[in-house]
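The figures that follow rest on heavy atoms only: side chains count, while hydrogens, waters and symmetry mates do not. We're numbering straight along the sequence, starting at 1.
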Amino acid sequence: MTSATPSISLVTLETFRAAQDRIRGVAVHTPLVPFPLPGNNGISAWLKDESKQPIKSFKLRGAYNKIAQLTEEERRRGVITYSSGNHAQGVAYAAREVGAKAIIVMPSNAPEVKKQATLALGAEIVTVGAASSDRKVKAEELEREHGYVMIPPYDDPAIIAGQGTCGLEILADLPDVDLVLAPVSGGGLLSGTAAAIKHLRPEVRVLGIEPLLAADAQESFRGGKLVSWPAEMTTRTIADGLRTQSLGDLNFLHVRAYVDDILTVTEDEIREAMRVIVRSTPITPEPSGAVTAAALLFHQNKLLPALKVVAVMSGGNVEPEILKQIVG
């Protein structure tokens, strides 16, 4: 972690608290669920169950925080975004709450369960290729053509502020936590959670977790320079919500300022973590949400010293066939 320098680019504690007030009553203050770990390592662990959100994902936090701040004129124009599924549902849900039209550009390989959930919330879907760059380009094209308001999936201060409310809740529910794990892809959840926590408790360590097959964030963080991976590499992982090819620019600034390290987990570790979560807790995780549990189960040596750990379980929108294939 590098020292945070004062900058108008970094989200302030006041902004995180304002976001918390704004989303109250729409997004849920999700519970910490005890997560038993094997061995006698002295670590007590909890999963923060973001599948308890109305859309079964943390993405509602940032989407509603952004959309709730739009003017009446902007709402009348309608909103647009690009997403593999969970942000799509967040934007669709938030847009419905304020009476705005929502257009979602989704990749052809998005899970069907996420497509159907997005349609059920009243959004219109435009389908493009598998690369995250494809959907961004198409969304920007439609934004220019129709005058829609863009709701970025992660690279936006209002999105970061909304996702960071997750960190405020962790500190409220477990004040003596000493380590927090968050999944990372575009970086909205990790950058927001880390910044919110470090503003209040700078001694708490915050780590990002991502698939080894889509480890662009770790490469960027450890190399000190933002890198992008090609879609044919990031789409190899089963964690469909973590296939973004690069951290966002603003997210990278927050990650460098507030995150202590980024670790990776393998596909087998993600699958086993899903099995353990289903068997030992009431939670049904999607692969992207299980990466933090995978780090807890298989990389405890990299987490020490830690006594009280919270792992953000970011979502539960999993295809029934994939869940059955993995969990049995």
Excluding V113, membership of its hydrophobic cluster (Ile, Leu, Val, Met, Phe, Trp, Tyr; side-chain heavy atoms within less than 4.5 Å) reads none
Note, V318 side chain near P285 side chain (heavy atom, < 4.5 Å): no
If the threshold is 4.0 Å, N to carboxylate O, is there a salt bridge linking K138 and E141? yes
Identify whether the distance between the nearest side-chain nitrogen and carboxylate oxygen of D178 and R201 falls below 4.0 Å. no
Are any side-chain N or O atoms of R236 and backbone N or O atoms of M233, one a donor and one an acceptor, separated by less than 3.5 Å? yes
Would you mind reporting whether L253 and Y258 have side-chain heavy atoms less than 4.5 Å apart? no
Do any pairs count as a salt bridge (Lys or Arg N to Asp or Glu O under 4.0 Å) and have a residue in residues 284-301, sequence neighbours left out, and if so which ones? K114-E286
Side-chain donor or acceptor of R205 paired with backbone N/O of A306 under 3.5 Å: no
With a 4.0 Å cut-off on N to O distance, would you call E72 and R75 a salt bridge? yes
Would a distance-only check, ignoring hydrogens and angles, find a side-chain to backbone donor-acceptor pair under 3.5 Å from S220 to V227? yes
Show your reasoning for whether side-chain contact (heavy atoms from CB on, under 4.5 Å) applies to D261 and V206. CA-CA 7 Å; D261 199 5; V206 181; over 6 Å; no
Linked hydrophobic residues, I55 as query - side chain contacts closer than 4.5 Å: I23, V26, L60, Y64, I67, L70, V79, V91, Y93, V98, I104, M106, L119, L121, I125, V149, I151, I159
Have S57 and Q89 got a donor and an acceptor in their side chains that come within less than 3.5 Å? no
How about W46 and L174: do any of their side-chain heavy atoms sit closer than 4.5 Å? yes
Would you tell me whether N86 and N317 have side-chain atoms, one donor and one acceptor, within less than 3.5 Å of each other? yes
Cluster question for you: counting only ILVMFWY and a side-chain heavy-atom cut-off of under 4.5 Å, with indirect links fine, are V28 and I283 together? no
One pair to check against salt bridge (Lys or Arg N to Asp or Glu O under 4.0 Å): R275 and E272. What are the steps and the verdict? CA-CA 5 Å; R275 286 189 280 267; E272 181 59 22; 2.8 Å; yes
Applying salt bridge (Lys or Arg N to Asp or Glu O under 4.0 Å), name anything that partners E50, two or more places apart in sequence or on another chain. R61
Establish whether L10 and F221 are linked, either directly or via other cluster members, by ILVMFWY side-chain heavy-atom contacts under 4.5 Å. yes
Examine V265 and W229 and state if one hydrophobic cluster contains both, with Ile, Leu, Val, Met, Phe, Trp and Tyr joined whenever side-chain heavy atoms are less than 4.5 Å apart. no
Listed by chain and number, what are the salt bridge (Lys or Arg N to Asp or Glu O under 4.0 Å) partners of D216, not counting sequence neighbours? none
With side-chain contact (heavy atoms from CB on, under 4.5 Å) as the criterion, how do Y82 and H87 come out once you've worked through the C-alpha distance, each side chain's angles and the decisive distance to 0.1 Å? CA-CA 8 Å; Y82 46 99; H87 181 63; over 6 Å; no
Are any non-hydrogen side-chain atoms of V204 and L179 less than 4.5 angstrom apart? no
In short, salt bridge (Lys or Arg N to Asp or Glu O under 4.0 Å) pairs touching residues 51-60 with sequence neighbours left out are D49-K52
If you round to the nearest 0.5 Å, how far is CZ of R144 from CD1 of I80? 10.5 Å
I'd like to check F35 versus L296 (side-chain heavy atoms, cut-off strictly below 4.5 Å). Are they in contact? yes
Taking side-chain hydrogen bond (donor to acceptor under 3.5 Å, both in side chains) as the cut-off, I'd like each qualifying pair that reaches into residues 183-197, sequence neighbours left out, listed once. S185-T244, S191-N251
Starting at CG of L212, measure out to CD of E210 and round the result to the nearest 0.5 Å. 9.0 Å
Sequence neighbours left out, what pairs pass salt bridge (Lys or Arg N to Asp or Glu O under 4.0 Å) with at least one residue falling in residues 145-158? K66-D156
What residue pairs, at least two apart or across chains, pass salt bridge (Lys or Arg N to Asp or Glu O under 4.0 Å) with a residue in residues 18-32? D21-R24
Between S288 and P183, is there a side-chain heavy-atom distance shorter than 4.5 Å? no
Heavy-atom closest contact (T237 atom, R243 atom, distance): O-NH2, 2.8 Å
Minimum heavy-atom distance G85-S83, with the two atoms named: N-OG, 2.8 Å
Compare every heavy atom of L242 with every heavy atom of V184, then report the nearest pair and how far apart it is. O-CD2, 3.8 Å
Please examine the side chains of S44 and L307, heavy atoms only from C-beta on, and report whether any two atoms are closer than 4.5 Å. no
Looking at every non-hydrogen atom in both residues, tell me the closest pair between A95 and A102 and how far apart they are. CB-CB, 3.8 Å
Applying salt bridge (Lys or Arg N to Asp or Glu O under 4.0 Å) to E97 and not counting sequence neighbours gives none
If we ignore angles and hydrogens, is there a donor and acceptor under 3.5 Å between the side chains of E321 and Q325? no
According to the ring pair (Phe, Tyr, Trp, His ring centres under 6.0 Å) rule, which pairs have a member within residues 142-182, sequence neighbours left out? H146-Y148
Just to verify, what does K308 make a salt bridge (Lys or Arg N to Asp or Glu O under 4.0 Å) with, not counting sequence neighbours? D176
Step-by-step side-chain contact (heavy atoms from CB on, under 4.5 Å) determination, T15 to I160: CA-CA 10 Å; T15 303; I160 292 172; over 6 Å; no
So, do M313 and K48 sit near enough that their side-chain heavy atoms are less than 4.5 Å apart? no
Decide whether L37 and I277 are clustered together by the hydrophobic rule: side chain heavy atoms of Ile, Leu, Val, Met, Phe, Trp, Tyr closer than 4.5 Å, transitively. yes
Distance-minimising heavy-atom pair for A239 and P211: CB-CG, 4.0 Å
Rounded to the nearest 0.5 Å, what separation is found between the NZ atom of K225 and the CZ atom of F252? 10.5 Å
Within the supplied structure, the quantity of interest is the number of heavy atoms (other residues, nucleotides, ligands) at a distance under 6.0 Å from K115 NZ; does it exceed 12? yes
Return the OG to CD distance between S314 and Q53, rounded to the nearest 0.5 Å. 11.5 Å
Value rounded to 0.5 Å, distance of CG in D260 from CD1 in I262: 10.5 Å
Considering non-hydrogen atoms only, spot the tightest contact between A290 and M274 and give its length. CB-CG, 3.5 Å
Given the rule in the side-chain contact (heavy atoms from CB on, under 4.5 Å) test, do L168 and F16 qualify, once you have shown the distances and angles that lead to the verdict? CA-CA 8 Å; L168 297 182; F16 284 117; 4.1 Å; yes
Are V137 and L142 in one and the same hydrophobic cluster, where Ile, Leu, Val, Met, Phe, Trp and Tyr link if side-chain heavy atoms are under 4.5 Å apart? no
From NZ (K198) to NE2 (H254), nearest 0.5 Å: 14.0 Å
